[in-house]
Number of protein chains: 2
Amino acid sequence: MQDIYKPLRSKSYSVPCELCSIGSMCIPMLLNNTLHTVLNRKHEFTKDQVVIHEGTPFQKLFIIHSGALKTYVTVNGVEQINGFYLPGDIVGLDSISNNKYNNSIKALTNTLTCELEYDEVKKLISQNAQVRDMILDLMSKDILNYQKLVLSYSQKNAEEKLASFIYSLYSRYAQRGHTSLNIKLSMSRSDIANYLGITIETVSRILTRMQETEILSVKGKYISIKNISALARLAAENI
Amino acid sequence: MQDIYKPLRSKSYSVPCELCSIGSMCIPMLLNNTLHTVLNRKHEFTKDQVVIHEGTPFQKLFIIHSGALKTYVTVNGVEQINGFYLPGDIVGLDSISNNKYNNSIKALTNTLTCELEYDEVKKLISQNAQVRDMILDLMSKDILNYQKLVLSYSQKNAEEKLASFIYSLYSRYAQRGHTSLNIKLSMSRSDIANYLGITIETVSRILTRMQETEILSVKGKYISIKNISALARLAAENI
DNA sequence: CGTCTACTTGAGTGTGTTCAATGGTAGTGG
DNA sequence: CCACTACCATTGAACACACTCAAGTAGACG
């Protein structure tokens, strides 16, 4: 709840787009020739800062440059998390049809975003087939991801959910060129539990068990994957 | 598995578009002036017929005129259902980015579809802002629906899932102008259980319990909602 | 009328929850 | 630098919901 400003210390703070760590995942860069008019570069948010309040009129899409965001809805004062977003991810595609943001968005750590004005993007879609195809692609991918998530959560038990969650963090970083087996969780146990629809106690117990079976090594927010194939098997990513 | 042809008996079989029951839900109709070139009208599928096999090259979107479809993936020979589609629904949006269908599609009953060639739709998006906005809208709605589904399935217990499922059938029909409290399930108990990630025994027990508490009256595939507000409360649709 | 499949019901088991207590860690102030 | 606080995470015990296995019933169809 602390929205007070803290100086950003992220190393990538002053990195120019050309050197941006997300590289080929950067939508604005890919559309360098066309999108620079609609792009606001490197907006900064501090840890725990609310980026968007649910219900705010929809205006722009957020692309994460560095850091992490979560999206959530609030029902009867209770937060329900429905997504974690990492560098290269785009946030807000669900809100186009409603003309308002369906979720609140909050920074999990100090975060830098690039932002796309949707009205301008829309115009570009009509003018530029490359932009059109890219946006349609992005949305279609989003739908596909959610389909898989639905399947995953309706079919998996707690252990599989958590394995799946950790494995997906790993592979999302890997897709972005960071193939390290050491992951720093930017969210709390309670956030994870909330998101997966299990309790924090269960998260804790399963993490302990995965340490006993030498699949992971856990130290607070730091997770080290010791047996990636066992993790992938548990995650049952093919389901 | 019976793909043999059976004569269609659907009453709406020969209904002209102007009188089509889905009315204002009909995307082709809304775009009457522009889409008739890309639209194949009233393709017929018989009960249990496979419309699309998973992996087939993506080519067209299906819009349901009458009947019902399900989509599913097959993992190690086991079917995992990830959606049921009713008249007015559009199927295939998830497959745009992959250039292949990610799911198999099967007719739950005799079904009539209209079909949109995606390549043509894409051209129209560039040419016509109305088409552009409609397609973006449809995709965004799809994303939003899946978000809700994820939340729903990660947070709800079996009773809430089933209540939610039945309530959503009711409200989807209601959105299409059919506000009847009597619903005919076009899918089997086993399909429902598969989709919700619970067992058929649990589905059965919960339906019995909902009859005892006079929320529903169940007779085979026919469900009559006796207490819609209690159902909505159980469904916790706000979550 | 008998067969096949779908659905329902029952009994026992197990996974994950709730409730409760304990252990750790980060941040704050003396 | 240590003590204190507050929050977060872990562990334990008892319970409950949904599962598995098994038997029985109803409905569809030849």
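Just so we're on the same page: letters track the sequence lines, and every chain starts at 1. Computation of the quantities below employed the complete heavy-atom set of this structure, encompassing side-chain atoms and omitting hydrogens, waters and symmetry-equivalent molecules.
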Next on the checklist: Just N and O in the side chain of B:K161: are any of them under 4.0 Å from OP1 or OP2 of D:dA18?
Outcome noted: no
Item to check | Contact under 4.0 Å: A:T199 side-chain N or O vs C:dT18 OP1/OP2 | outcome: no
Using the side-chain heavy atoms of [X], tell me which of these nucleotides is nearest: [options].
X: A:I200; options: D:dT10, C:dT17, D:dG27; answer: D:dT10
X: B:I198; options: D:dC19, D:dA9, D:dC21; answer: D:dC19
X: B:T208; options: C:dT9, C:dG16, D:dT11; answer: C:dT9
X: B:N157; options: D:dA18, C:dT18, D:dC19; answer: D:dA18
X: B:R189; options: C:dT8, D:dT20, D:dT10; answer: C:dT8
X: B:T202; options: D:dA18, C:dT8, D:dT11; answer: D:dA18

Checklist entry - So, B:T109 side chain and B:S186 main chain: donor-acceptor pair closer than 3.5 Å or not? => result no
To the nearest Å, how far apart are [X] [atom1] and [N] [atom2]?
X: A:E212; N: D:dT10; atom1: CD; atom2: C1'; result: 12 Å
X: B:I206; N: C:dT9; atom1: CD1; atom2: C1'; result: 14 Å
X: A:K221; N: D:dT10; atom1: NZ; atom2: P; result: 10 Å
X: A:L207; N: D:dA9; atom1: CG; atom2: P; result: 10 Å
X: B:L185; N: D:dG27; atom1: CG; atom2: P; result: 16 Å
X: B:R205; N: C:dC7; atom1: CZ; atom2: P; result: 15 Å
X: B:D48; N: D:dC29; atom1: CG; atom2: P; result: 12 Å
X: A:L162; N: C:dG16; atom1: CG; atom2: C1'; result: 13 Å

Item to check | First of A:K219 and A:E159 reached from the 5' end of DNA chain C, by closest nucleotide | outcome: A:E159
Next on the checklist: Within 45 degrees of the ring normal and closer than 6.0 Å to the centroid, is that where the cationic atom of A:K70 sits relative to A:Y72?
Outcome noted: yes
Checklist entry - Between A:E159 and A:R209, is there a salt bridge with N-O shorter than 4.0 Å? => result yes
Next on the checklist: Once you apply a heavy-atom cut-off of 4.0 Å, does A:S204 come out as touching a base, just sugar-phosphate, or nothing?
Outcome noted: base
Checklist entry - Which of parallel (below 30°), tilted (30 to 60°) and perpendicular (above 60°) describes A:Y170 and A:Y167? => result tilted
Next on the checklist: Taking atom types as they are modelled, would you say the side chain of B:R209 forms a donor-acceptor pair with the base of C:dT8 within the 3.5 Å cutoff?
Outcome noted: no
Next on the checklist: For B:Y101, give me all partners under ring-ring contact (aromatic ring centres under 6.0 Å, His included), at least two apart in sequence or on another chain.
Outcome noted: B:F58
